[in-house]
There are 4 protein chains.
Amino acid sequence: MNDSGQGPGSSARPKRKDAQRNQQTLLEAAASVFVTSGVEAPVRDIAAKAGVGMGTIYRHFPTRADLVIAVYRHQVDACAEAGPTLLATGPTPHAALGQWVDLFVDFLVTKHGLAAAMQGEGTGFETLHAYFLERLLPVCTQLLDAATASDEIRADLDAYQLLRGIGNLCIGAESDPRYDARQLVALLVAGLRQPH
Amino acid sequence: MNDSGQGPGSSARPKRKDAQRNQQTLLEAAASVFVTSGVEAPVRDIAAKAGVGMGTIYRHFPTRADLVIAVYRHQVDACAEAGPTLLATGPTPHAALGQWVDLFVDFLVTKHGLAAAMQGEGTGFETLHAYFLERLLPVCTQLLDAATASDEIRADLDAYQLLRGIGNLCIGAESDPRYDARQLVALLVAGLRQPH
Amino acid sequence: MNDSGQGPGSSARPKRKDAQRNQQTLLEAAASVFVTSGVEAPVRDIAAKAGVGMGTIYRHFPTRADLVIAVYRHQVDACAEAGPTLLATGPTPHAALGQWVDLFVDFLVTKHGLAAAMQGEGTGFETLHAYFLERLLPVCTQLLDAATASDEIRADLDAYQLLRGIGNLCIGAESDPRYDARQLVALLVAGLRQPH
Amino acid sequence: MNDSGQGPGSSARPKRKDAQRNQQTLLEAAASVFVTSGVEAPVRDIAAKAGVGMGTIYRHFPTRADLVIAVYRHQVDACAEAGPTLLATGPTPHAALGQWVDLFVDFLVTKHGLAAAMQGEGTGFETLHAYFLERLLPVCTQLLDAATASDEIRADLDAYQLLRGIGNLCIGAESDPRYDARQLVALLVAGLRQPH
DNA sequence: TATGAATGAGCCTTCATTCAT
DNA sequence: TATGAATGAAGGCTCATTCAT
């Protein structure tokens with residue numbers, strides 16, 4: 001059905017070319033607006049930045065969360081995938097955990113308002129929150145388990161709690177030069193270490 | 001601060017009592033509304049709860065931050081004053097720091113949306129943020145310094161950073177049963193300890 | 001509480017004078033707009049016509065149905081009250097029914113889109129519909145019962161059905177010169193008469 | 001009407017078959033959507049149901065009324081054609097009228113929102129309205145005339161008026177179990193009978 | 001010809017803030 | 001001084017309709 005009307009001998013998809021370009025434009029515009037105005041920026045602004053109508057945004061991303069997820073999906077995925085790698089190559093599980101956490105913090109700190117938006121329930125970002133958990137919770141759990149198994153850290157912190165804590169520590173980090181989320185997160189991870 | 005501008009020996013004193021009562025009513029109503037709807041609750045709701053007009057609120061507290069500060073001033077002050085006491089009576093400076101931090105967390109966690117509201121710049125809560133710093137920064141600094149002096153903790157964390165981190169960790173704590181801000185803050189403070 | 005601040009010796013309500021005037025203006029504007037654009041006219045239009053902001057309308061009439069009811073309440077009430085009177089003074093119950101129905105038709109026919117708006121469920125006019133029934137159903141029932149008791153009409157039509165039918169017959173009546181709702185309603189009422 | 005513009009002996013005939021099939025698909029899809037969502041259903045829904053693009057619908061039926069007419073043409077025609085038959089076979093003209101009216105009501109009542117859509121001027125359904133009149137007015141006139149000629153009914157109701165009244169009485173009939181359009185229409189027709 | 005992406009007008013609703021009474 | 005009515009900017013969302021591919 002999608003292939004009909006296509007010239008003979010061609011193997012490429014015919015129709016969507018402009019739409020794809022548009023989608024790309026949209027993602028870039030959104031990312032850009034998110035940087036300056038946060039992920040709660042008015043739909044109108046994003047549309048304007050992209051040079052499209054608002055309807056176009058709603059078509060591609062029915063929900064604001066859909067848009068945000070699309071904008072950051074690659075980076076979240078990359079972060080998730082880095083976990084096992086770090087665990088395999090790092091000197092110790094605890095060190096791997098530290099490095100992975102740094103990656104996560106780097107991501108969050110550069111996303112204006114992202115960390116903040118994922119808090120609260122009636123905000124419509126539940127989907128986004130869920131996506132983060134779906135991707136990162138298993139990885140974080142794996143890292144924590146490994147570090148626990150090697151007796152490096154205390155066992156009483158679950159991954160959800162850790163992720164949430166890191167997320168919170170990253171709120172507002174990019175706009176306050178006196179605030180260094182990385183240091184605090186490092187402290188948190190240091191606090192995990194077995195007292196002896 | 002509220003008394004200045006009132007000439008001594010003025011005959012308008014009786015009037016003031018009314019105003020004070022009104023102010024008190026206002027503070028109680030605001031506190032109550034803050035508990036259920038957060039510190040960003042609509043002005044009208046607060047006015048309704050207090051049984052006064054909105055204009056009255058604006059008269060007494062031109063800015064929302066003014067109102068919030070007034071509501072929590074006593075508790076912030078109490079927290080600030082507890083610092084030296086704990087330091088004097090506690091077994092070690094680091095222990096005193098831990099207890100003081102617990103106090104601060106207890107305060108924040110029970111204030112729906114307070115911690116979140118103090119983040120971000122364009123939110124109009126800069127004054128509130130400033131008040132917290134003005135009162136708590138010296139105390140926190142004193143505690144950190146003492147613990148550093150006694151060689152219990154590393155010296156590379158300044159009080160601003162710590163307060164901000166604690167504040168962030170408290171965001172959304174009351175609405176998520178899976179999230180325990182106290183544990184994370186404890187971890188953070190634990191991370192401060194000297195490796196040996 | 002509402003009386004304080006009032007000049008001594010006055011017995012009139014102090015504050016609401018302008019609001020009352022405004023409410024009146026609103027009702028008149030709404031009535032006027034309803035005539036030309038129907039009861040589904042945009043809120044903005046009504047506000048513009050009244051020379052007020054939209055918020056003012058929402059304050060006085062949170063729901064569109066509230067506004068419509070307010071606009072037509074007097075007339076509906078008058079219609080309801082006319083029922084018993086006509087029954088008492090009319091030659092026969094059936095004649096009274098006919099006269100009452102004429103009153104109702106006169107009312108509906110002059111209200112652009114009112115009859116149409118009360119149909120359908122997801123339209124937000126349920127309240128309006130309910131108000132009409134609440135006021136007119138008892139009256140209509142009374143008239144029908146009387147006519148039935150005097151053996152003038154068949155007994156198999158209930159008041160709801162009749163009101164609904166009349167309402168429907170009045171739809172679009174004012175805009176089509178070739179259509180005479182009154183005649184049709186008269187026919188309907190005539191059809192009620194006992195075959196013998 | 002649809003055939004004009006096609007030269008005889010044209011070689012484009014094969015293409016036409018496609019278009020016809022498409023048109024048929026469209027009509028069925030539209031009919032189906034009309035049943036559930038009414039004749040004002042979003043264009044997109046109809047296109048989706050038919051598995052075609054929206055543009056295709058606009059090509060075949062530039063106006064929504066065009067589509068609706070096409071969907072119901074057969075049934076309207078059948079209704080129109082039933083008139084003379086009933087007149088010829090019925091016991092009396094008035095009985096024939098009653099039966100024909102029943103047919104019309106049956107048709108309307110089962111078409112969600114059709115009756116309502118034909119009211120009002122700015123709705124874009126004028127064409128549809130006109131089509132109904134074009135087909136049914138002559139038939140209805142014939143039936144009324146016959147009944148008048150046989151002295152069964154009063155002569156003062158014209159066919160337009162009657163059709164319009166029936167149409168109105170059918171509005172909203174399928175969604176309200178307490179409302180029985182057939183009974184009311186029967187009453188209306190009964191009311192036509194000569195008092196004696 | 002068919003497709004469906006894009007457009008954007010149009011409506012709704014909420015609330016911070018001002019200001020007449 | 002207190003009140004709360006009025007204002008209107010701000011933002012959300014839905015489709016009918018057009019038009020590039």
Side-chain angles (χ1 to χ4, degrees), chain A residues 1-2 4-7 14-23 25-26 40-45 47-48 50-60 62-64 124, chain B residues 12 15 18-19 22 40-45 47-48 50-60 62-64 124, chain C residues 1-2 4-7 13-23 25-26 40-45 47-48 50-60 62-64 124, chain D residues 12 15 18-19 22 26 40-45 47-48 50-60 62-64 124:
Chain A
M1 190 184 277
N2 268 325
S4 65
Q6 174 61 169
K15 286 302 198 85
R16 262 47 137 277
K17 209 153 6 166
D18 62 323
Q20 274 178 350
R21 200 196 312 280
N22 223 318
Q23 176 130 347
T25 310
L26 227 44
E40 313 237 36
V43 177
R44 267 186 185 74
D45 291 0
V52 305
M54 292 176 313
T56 304
I57 293 187
Y58 280 101
R59 161 183 296 277
H60 288 290
T63 281
R64 181 186 297 273
Chain B
K15 202 75 169 286
D18 257 48
N22 220 320
E40 314 237 36
V43 178
R44 203 185 307 273
D45 292 1
V52 306
M54 294 171 306
T56 305
I57 293 187
Y58 278 97
R59 164 174 304 275
H60 289 291
T63 283
R64 181 185 296 268
Chain C
M1 189 184 279
N2 267 327
S4 66
Q6 174 59 170
R13 268 78 115 278
K15 288 300 198 87
R16 265 42 138 278
K17 211 157 358 167
D18 60 325
Q20 273 178 350
R21 199 195 314 280
N22 223 318
Q23 177 131 346
T25 309
L26 228 43
E40 314 237 35
V43 177
R44 263 192 189 71
D45 292 1
V52 304
M54 293 175 311
T56 305
I57 293 187
Y58 281 99
R59 161 183 296 278
H60 288 290
T63 283
R64 181 186 298 271
Chain D
K15 202 84 171 278
D18 256 49
N22 219 319
L26 229 43
E40 314 238 35
V43 178
R44 203 184 305 275
D45 291 1
V52 306
M54 293 173 306
T56 305
I57 292 187
Y58 278 96
R59 165 176 303 275
H60 288 293
T63 283
R64 181 185 295 269

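Chain A is the first sequence line, chain B the second, and so forth, proteins listed ahead of strands; every chain is numbered from 1.
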Considering only nitrogen or oxygen atoms on both sides, find all protein atoms under 3.5 Å from nucleotides 14-16 of chain F and state each distance.
residue, atom, partner, partner atom, Å
F:dA16, OP2, D:V43, N, 3.2

*Does A:T56 make a side-chain N or O approach to OP1 or OP2 of E:dT7 shorter than 4.0 Å?*
yes
*Quickly work out the B:D45 CG to E:dA16 P distance and round it to whole Å.*
9 Å
*asked:* Please report the distance, rounded to the nearest Å, between CZ in A:R59 and C1' in E:dT3.
replied: 11 Å
_Paired and unpaired positions of DNA chain E as dot-bracket, Watson-Crick or G-U wobble under 3.5 Å, | denoting a partner strand_ = .||||||||||||||||||||
*For residues A:Y58 and A:T63, determine if any side-chain heavy atom of one lies less than 4.5 Å from a side-chain heavy atom of the other.*
no
_Side-chain N or O of A:H60 versus OP1/OP2 of E:dA6: is the shortest distance under 4.0 Å?_
yes
*Listed partners of C:A50 passing side chain to side chain contact (heavy atoms under 4.5 Å, CB included), at least two apart*: C:T25, C:L26, C:A29, C:V52
*How far apart are the closest heavy atoms of C:R64 and C:E40, and which atoms are they?*
NH1-C, 3.4 Å
*Residue closer to the 5' end of DNA chain E, A:N22 versus B:P62 (nearest nucleotide)*: A:N22
*Which heavy atom in A:N22 sits nearest to a heavy atom in A:T56, and how many Å separate them?*
OD1-CG2, 4.3 Å
_Spacing of A:R44 atom CZ and A:M54 atom CE [to the nearest 0.5 Å]_ = 4.5 Å
*Describe the nucleic acid contact of C:G51 in one word from base, sugar-phosphate, nothing, applying a heavy-atom distance below 4.0 Å.*
sugar-phosphate
*To the nearest Å, how far apart are D:L26 CG and E:dT3 P?*
9 Å
